[in-house]
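The sequence lines fix the lettering, A, B, ..., with proteins before strands; numbering per chain opens at 1.
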Number of protein chains: 2
Amino acid sequence: MNISFIGAGNVAWHLAQALDNAEHIVQQVYSRRLQSAVQLADKLYKAEATQSLDFSESKAIVFFIAVPDQEVATLVSQLKLPPHAILVHTSGTLPIEVLAAFKNRGVFYPLQTFSKTKAVYIPQVPFCIEASNPETEEVLVSLAQNVSRTVYLVNSAERKVLHLAAVFACNFTNHLLAIAYQITLQENLEFALLEPLIRETINKALSGENPATVQTGPAVRNDTGTMQSHLDYLTHSPEQMEIYKLMSQNIQKVSREL
Amino acid sequence: MNISFIGAGNVAWHLAQALDNAEHIVQQVYSRRLQSAVQLADKLYKAEATQSLDFSESKAIVFFIAVPDQEVATLVSQLKLPPHAILVHTSGTLPIEVLAAFKNRGVFYPLQTFSKTKAVYIPQVPFCIEASNPETEEVLVSLAQNVSRTVYLVNSAERKVLHLAAVFACNFTNHLLAIAYQITLQENLEFALLEPLIRETINKALSGENPATVQTGPAVRNDTGTMQSHLDYLTHSPEQMEIYKLMSQNIQKVSREL
């Protein structure tokens, strides 16, 4: 199938190459910065780099918008597509209706974090698909299944909730690991010492049960002596202290309600 | 080397078997509940289960106390060991001085979470060793190296900090995953959808750099629209809302200071 990418950032970088490898033909790669478009186009079978948003003569059928959320609306208002084209965005948070100017519209959201320099194993990335009509849905699901083993139909409201869950499970988790990193660093201890324990924690939490049922640590066993000694240590960092208190309180609350 | 275990819980269960497999001979397994001691002793080459704390006739040289923290002090006060015996505890939080009644004392702390039903690959578990004198230290380091590839000398103050870091990196992380689980569950979404994203987050955070440098999400890019829509969704759960606000604020603060 002929497709085009509008945007050449991290998501476009991985998605365009995955679809290209699956025998789809990327016709155009648009970027505001031509150099970015060229870089990605060079990785593809026969794509042309462009700085124009007029695709009315393009042979592509599906157009992927993969740019930062706040740029999507402006970009859509300037876009010229061939008749019957399908326009999709790849955002976890934007509703499908941001593309309302186009009849055949959809969402093609890979639930993964991408950076250009790091390979991602796309077949294991879950794709969340939404479409404005059954024909469009069929095309998008089929495209997603060409590159991934897990494709879900997820509407805009569900996608928003999934994204919120990911903020807790990934963004906030990364911040806790950053705090642990800082705590070990300031005592000249190796953060890597914690790696087996962190990995085992994640394995247990992802084993299928509610992670609350495998909660461990001083809060869940109400070990007030240990908690007080931790808080004493944290007096120099009021923010970390506050996080410690709030998380411990909430762990105890959830444990009581189990 | 002849050794004995006081306690037959999760830590004793894995540690006794690992040392037994490394050709050390467990002489006695003590538990208040004889049945627990028998269960573990049955797994070992020639260990005897006992309910007595009088080990004055034991052939063992190193005695491992592996019981809950709050039981250690009482147990130590009742313990009779042979002269020159080495007494160690396996706790992440107790200071070595809780064993002050014995001249040759130490800490033998495996930095991992154990449950009896789940196999743990001991060679990858970091062991934190502390000892009251160089001869004892040598014995304990050698024992730890017989079962693990990563053995560190960690004093009581450092061990306490390591434990605090582990509370952030593991206990609190598990709680965030429990919140994400609950959020997906209440919308009939599969928590497993988040698994690739969670694993990639952990891989990036453990890649060696400060995890703060790879922080992603609405807070770090100051995407106030997304954050507000998340907070609106969380109005029914004031605790989750408070965690969302506090973590987001702190992510922004740390990001400004990088």
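The CZ atom of R159(B) lies 13.5 Å from the CD atom of E187(A); values are rounded to the nearest 0.5 Å. Interatomic distance, CG of L234(B) versus CZ of F168(A), reported as 5.0 Å (0.5 Å rounding). Distance CD1/I202(B) to CG/L177(A): 5.0 Å, rounded to 0.5 Å. Atom NE2 of residue H163(A) and atom CD1 of residue I183(B) lie 12.0 Å apart, to the nearest 0.5 angstrom. Between T113(A) atom OG1 and K204(B) atom NZ the span is 3.0 Å, to the nearest 0.5 Å. From C170(A), atom SG reaches atom CD of E200(B) across 10.0 Å, with rounding to the nearest 0.5 Å.
Neither the backbone nor the side chain of V220(B) has a heavy atom closer than 4.5 Å to any heavy atom of chain A. Both the backbone and the side chain of L206(B) come within contact range of chain A, with heavy atoms under 4.5 Å apart. For chain A, the nearby parts of L162(B) are the backbone and the side chain; heavy atoms of each come within less than 4.5 Å. Interface remark: V161(B) contributes backbone and side-chain atoms alike to the contact with chain A (heavy atom separation under 4.5 Å). Proximity to chain B is limited to the backbone of F114(A), based on heavy atoms less than 4.5 angstrom apart. Heavy atoms of T173(B) lying under 4.5 Å from chain A belong to its backbone as well as its side chain.
Comparing Q124(B), Q186(B), Q240(B), K160(B) by how many heavy-atom pairs each has under 4.5 Å with chain A, the most go to K160(B). Comparing Q70(A), R221(A), K118(A), Q182(A) by heavy-atom pairs within less than 4.5 Å of chain B, the highest count is held by K118(A). Considering only heavy-atom pairs separated by less than 4.5 Å from chain A, the leading option among Y233(B), F191(B), Y152(B) is Y152(B). Each of N188(B), N203(B), V154(B) has some count of heavy-atom pairs under 4.5 Å with chain A, and the biggest count is that of N203(B). Comparing A192(B), A205(B), A166(B), S229(B) by how many heavy-atom pairs each has under 4.5 Å with chain A, the most go to S229(B). Of all the listed residues (I198(B), L194(B), I179(B), I251(B)), the one sharing the greatest number of non-hydrogen pairs under 4.5 Å with chain A is I251(B). Ranked by non-hydrogen atom pairs under 4.5 Å with chain B, the options T184(A), N210(A), V120(A), V167(A) are led by N210(A). When the candidates L176(B), D69(B), T201(B), L189(B) are compared by the number of heavy-atom contacts under 4.5 Å with chain A, L176(B) comes out ahead. For the set L185(A), V254(A), N250(A), the count of heavy-atom pairs under 4.5 angstrom toward chain B peaks at N250(A).
Residues I243(A) and Q249(B) form no side-chain contact, since every pair of their non-hydrogen atoms from C-beta on lies 4.5 Å or further apart. For the pair P196(B) and L111(A), the minimum side-chain heavy-atom distance is 4.5 Å or more. Using a 4.5 Å cut-off on side-chain heavy atoms (C-beta onward), Y244(B) and L164(A) make contact.
With 3.5 Å as the limit, one finds no donor-acceptor pair spanning the side chains of N174(A) and T216(B).
The closest donor-acceptor contact from the side chain of Q215(B) to the backbone of N171(A) lies under 3.5 Å. At distances below 3.5 Å, not a single donor-acceptor pair connects side-chain atoms of E242(B) with backbone N or O atoms of L246(A).
T226(B) and T93(A) get closest at one heavy-atom pair: CG2-CG2, 3.8 Å. Nearest heavy atoms, Y181(A) versus E209(B): CE1-O, 3.8 Å. Of all the heavy atoms in A165(B) and A180(A), the pair that sits closest is O-CB, 3.5 Å.
The environment of K116(B) atom NZ is dense: over 12 non-hydrogen atoms of other residues, nucleotides or ligands sit within 6.0 angstrom.
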